[in-house]
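Worksheet: one structure, shown below.
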Amino acid sequence: MRFFLVRSKWDGEDMSQDFLDDGNWVNGYGDEDSRYIPVINGVDVDDVLIMVGDRQFIQGIGKVLAKSTDSYTLNVKWYPDLKFTADHKSVGRIRYTISKIQNRRIYDSVLKQAFKEKNDLKLFLNIYVDENDNLIFLKSDDGFPIKIKILNLENIKSFPNKMENPIQFDAKNVLIYGENGSGKSSIFFALKLLFRVGSEKIQDTDFTNIFTDKTEFLVSIDTDIKEDETSFSIDQNDINQDPKDEELIGHIKEAYNSYGFLDFKDIMKLYLECPTQGQDNTINQKQNLFPIFEKILGGYPIDIDDYGKIIRLKDEPDENKRFDKIFEIIKEAREDSNRYLSDHFKFKKDIKISGYQSDKANKTITMDVEYHGTKISDYTAILNEARLSSLAISMYLLIIKGTYEKLNSRFRILLLDDLLLSLDMSHRMPVLNILQEEFTDYQIIFLTHDKALFNVFKGRTDNKKWKYLEMYEQHDSENEEFKPANPIIIEGKSYLERAKIHLQNAEYDFCGLMLRKMVESLCKSKLRKIEQLDSNGGNLKLDGLLDKLKSKDTNLLSTNIDKIKQWRSLVLNPAAHDDSNPLYKAEMEEAYQTVKELKALVESMMP
């Protein structure tokens with residue numbers, strides 16, 4: 001991929017708008033002058049044209065889509081939304097109708113002008129300028145988000161061995177359940193390490209499995225870019241080295257700088273850090289947000305230099321300017337933070353952020369919180385864990401989203417490990433709503449050790465957009481000698497999906513058992529905990545759960561639930577117990593369809 005400067009003046013008339021409207025660029029000399037034909041013939045599809053018009057001002061930038069056979073016309077996809085400097089600085093005197101950019105002075109002039117509007121040329125086909133001022137063209141499908149298809153690990157934490165079957169993400173969001181010790185957090189660590197090593201020089205060495213003597217390790221990803229350069233990997237040779245210069249590196253860097261990697265410890269930092277100290281040495285019980293967000297916002301772009309290099313917040317040498325910018329970003333996020341709390345967490349008149357206070361001399365930023373309209377001095381002592389976590393999650397996610405949008409990274413990833421430990425189910429569901437409604441163009445990788453949460457989230461997400469995986473520790477109980485082994489990873493299927501597999505394999509008892517579990521799961525998904533109990537405080541049986549569910553919407557559910565009750569005695573109960581009555585294929589198929597219909601009806605109910 002090369003860059004060409006092309007002129008748009010024909011006998012003194014600027015043809016820029018015609019070329020933009022027609023989607024082409026035409027050599028105005030025609031047959032009378034063939035001197036530019038060799039250069040035009042040398043232009044390839046996907047090369048970039050920078051069109052210069054009157055007074056040498058840039059009029060447009062576009063990608064070559066095709067070349068005509070006349071050697072005069074190039075079909076171009078122009079990007080009309082690109083903006084340039086208000087004063088239209090000239091790129092310098094352009095002598096030729098078409099010329100490849102080779103002169104450093106012209107190259108610098110183009111960058112100075114085009115990058116002046118900070119979000120514009122960077123938007124164009126994701127051109128990225130690395131730290132050595134090298135222009136990297138990130139091949140893409142015109143801006144679609146990049147997503148991970150496959151993850152491969154070797155000798156990383158809980159993955160001591162080479163994987164026979166790499167983990168398939170299928171370019172979807174991924175929900176992963178892993179019991180304690182299964183290696184779930186090793187996936188979080190490995191992906192964060194890959195993005196970190198792809199972005200900066202590091203010297204850490206504590207990566208490998210403690211039970212092996214090997215020093216070699218591997219973390220690699222395959223992405224869904226439909227071009228040649230689709231993978232990125234790191235190994236032991238990349239530690240303490242400058243990041244690799246690969247096509248994906250621009251997006252890898254921006255994803256890491258956006259800090260889309262959170263676990264429960266990050267959330268708790270917002271309300272479990274030490275109190276702050278004022279200028280008069282008095283102790284302030286409010287949490288100091290500055291050191292937390294100074295780290296999170298380190299990669300936030302604050303300017304672009306004359307050569308197009310992004311200047312980040314962490315690069316700002318003036319501490320006061322850095323402090324002021326962090327304070328400004330946090331204040332700008334307040335309104336949306338309150339929207340999350342009100343619309344998603346349903347704290348409409350419960351809690352809200354009323355403002356922020358700053359103390360530049362002591363580098364402290366504190367948050368003012370109102371509880372039922374009353375400002376509280378120490379919100380960490382008054383608000384319960386669920387409210388504090390909801391507050392922290394709202395702030396974190398908004399800051400991360402804002403950074404991603406400012407950087408315009410196409411590698412938008414949210415890696416969340418046991419984020420909801422301190423929330424009950426009623427407060428966990430709003431987080432899923434936020435992720436599904438506010439982060440639609442992100443790849444979300446959500447890891448949890450809570451099987452109940454996994455099953456509920458699985459039931460509330462679209463399997464066309466989500467992949468479900470379960471992880472289990474692998475060990476040989478019959479062998480006394482301990483041998484480290486990779487975790488067992490299986491695709492997590494719903495009860496209904498498993499019932500279908502058993503039905504196809506003529507395993508009717510297993511099919512009936514899965515159908516019963518599915519019905520119970522559907523009932524519980526719409527019933528509060530107290531509604532699942534009988535008058536004595538015991539758990540309702542299946543009939544009771546169905547009656548409670550039916551009462552939620554009699555008109556919608558009545559007929560279907562009556563059928564379910566018939567199949568309960570004919571199929572579901574015999575399959576779940578030691579019963580000599582035979583199970584027949586036709587009955588099982590009808591029962592399967594009835595449960596499938598119930599699922600659709602329950603999902604159509606109002607929350």
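Heavy-atom basis, side chains included; hydrogens, waters and symmetry copies ignored.
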Report task. Kindly check if the number of other-residue, nucleotide or ligand heavy atoms within 6.0 Å of NZ (Lys265) is above 12? Result -> no
Query raised in the report: Is there a donor-acceptor contact under 3.5 Å linking the side chains of Ser185 and Asp417?
Result: yes
Query - Under 3.5 Å side-chain donor-acceptor pair for Thr380 and Asp378 - result: yes
Query - Member of Leu313, Leu297, Asp315 meeting the side chain to side chain contact (heavy atoms under 4.5 Å, CB included) criterion with Arg322 - result: Leu313
Query raised in the report: Aromatic rings Tyr177 and Tyr472: how do their planes relate, parallel, tilted or perpendicular, breaks at 30° and 60°?
Result: perpendicular
Query raised in the report: Do we see a donor-acceptor contact under 3.5 Å between the side chains of Ser258 and Thr403?
Result: no
Query raised in the report: Nearest 0.5 Å, what's the OG1-CG distance between Thr448 and Leu175?
Result: 7.5 Å
Query raised in the report: Should we count CZ of Arg339 as having more than 12 external heavy atoms under 6.0 Å?
Result: yes
Query raised in the report: What's the spacing between Leu469 CG and Lys493 NZ if we round to 0.5 Å?
Result: 10.5 Å
Query raised in the report: Taking it one step at a time, do Lys325 and Glu328 satisfy salt bridge (Lys or Arg N to Asp or Glu O under 4.0 Å)?
Result: CA-CA 5 Å; Lys325 187 63 180 178; Glu328 175 189 328; 3.4 Å; yes
Report summary line: In terms of heavy-atom contacts, Asp222 and Ser231 come closest through OD1-CB, 3.2 Å
Query raised in the report: For residues Asp368 and Gln357, is any side-chain donor paired with an opposing acceptor at under 3.5 Å?
Result: yes
Report task. Find out whether Leu432 and Arg460 are in side-chain contact, i.e. whether some heavy atom of one side chain is under 4.5 Å from a heavy atom of the other. Result -> yes
Query raised in the report: Hey, is the main chain of Ile351 close enough, under 3.5 Å, to the side chain of Arg387 for a donor-acceptor pair?
Result: no
**Report entry** Shortest non-hydrogen contact from Leu423 toward Ser390
**Finding:** CD2-OG, 4.0 Å
Requested in this report: Would you mind reporting whether Leu522 and Leu601 have side-chain heavy atoms less than 4.5 Å apart?
Outcome: no
Report task. Compute the ring centroids of Tyr371 and Tyr379, then answer whether they are less than 6.0 Å apart. Result -> no
Query raised in the report: Do you know which two heavy atoms are closest between Ser354 and Glu370, and how far apart they sit?
Result: CB-OE2, 3.5 Å
Query raised in the report: So, do Ile187 and Leu151 sit near enough that their side-chain heavy atoms are less than 4.5 Å apart?
Result: yes
Query - side-chain hydrogen bond (donor to acceptor under 3.5 Å, both in side chains) partner of Glu531, chosen from Lys552, Lys526, Lys548 - result: Lys552
Report task. Walk me through it: do Asn155 and Thr208 pass the test side chain to side chain donor-acceptor pair (under 3.5 Å)? Result -> CA-CA 5 Å; Asn155 197 24; Thr208 57; 4.6 Å; no
Query raised in the report: Are the side chains of Ile365 and Phe293 in touch, meaning some heavy atoms are under 4.5 Å apart?
Result: no
Query - Near-ring test Phe457/Tyr468, centroid separation under 6.0 angstrom - result: no
Query raised in the report: Below 6.0 angstrom between ring centroids: does that apply to Tyr340 and Phe345?
Result: no
Query raised in the report: Are the ring centres of His427 and Phe347 closer than 6.0 Å?
Result: yes
Query - Distance-minimising heavy-atom pair for Pro487 and Ser158 - result: CD-O, 3.3 Å
Report task. Fit a plane to each ring of Phe261 and Tyr256, take the angle between them on a 0 to 90° scale, and name the class: parallel (under 30°), tilted (30 to 60°) or perpendicular (over 60°). Result -> tilted
Query raised in the report: Can Lys360 be said to sit on top of Phe323's aromatic six-ring, NZ or CZ under 6.0 Å from centre and within 45° of the ring axis?
Result: no
**Report entry** From Lys458 atom NZ to Asn463 atom CG, the distance as rounded to the nearest 0.5 Å
**Finding:** 10.5 Å
Report summary line: Closest non-hydrogen contact found for Lys184 with Met471 is N-CE, 3.6 Å
**Report entry** Lys314, NZ: over 12 other non-hydrogen atoms inside 6.0 angstrom
**Finding:** yes
Query raised in the report: Under 30°, 30 to 60°, or over 60°: which ring-plane class applies to Tyr442 and Tyr404, parallel, tilted or perpendicular?
Result: perpendicular
Requested in this report: Check Ile167 against Met163 and note the closest heavy-atom contact, atom names and distance.
Outcome: CG1-CE, 3.5 Å
Requested in this report: Tell me whether the centres of the aromatic rings in Phe195 and Phe411 are closer together than 6.0 Å.
Outcome: yes
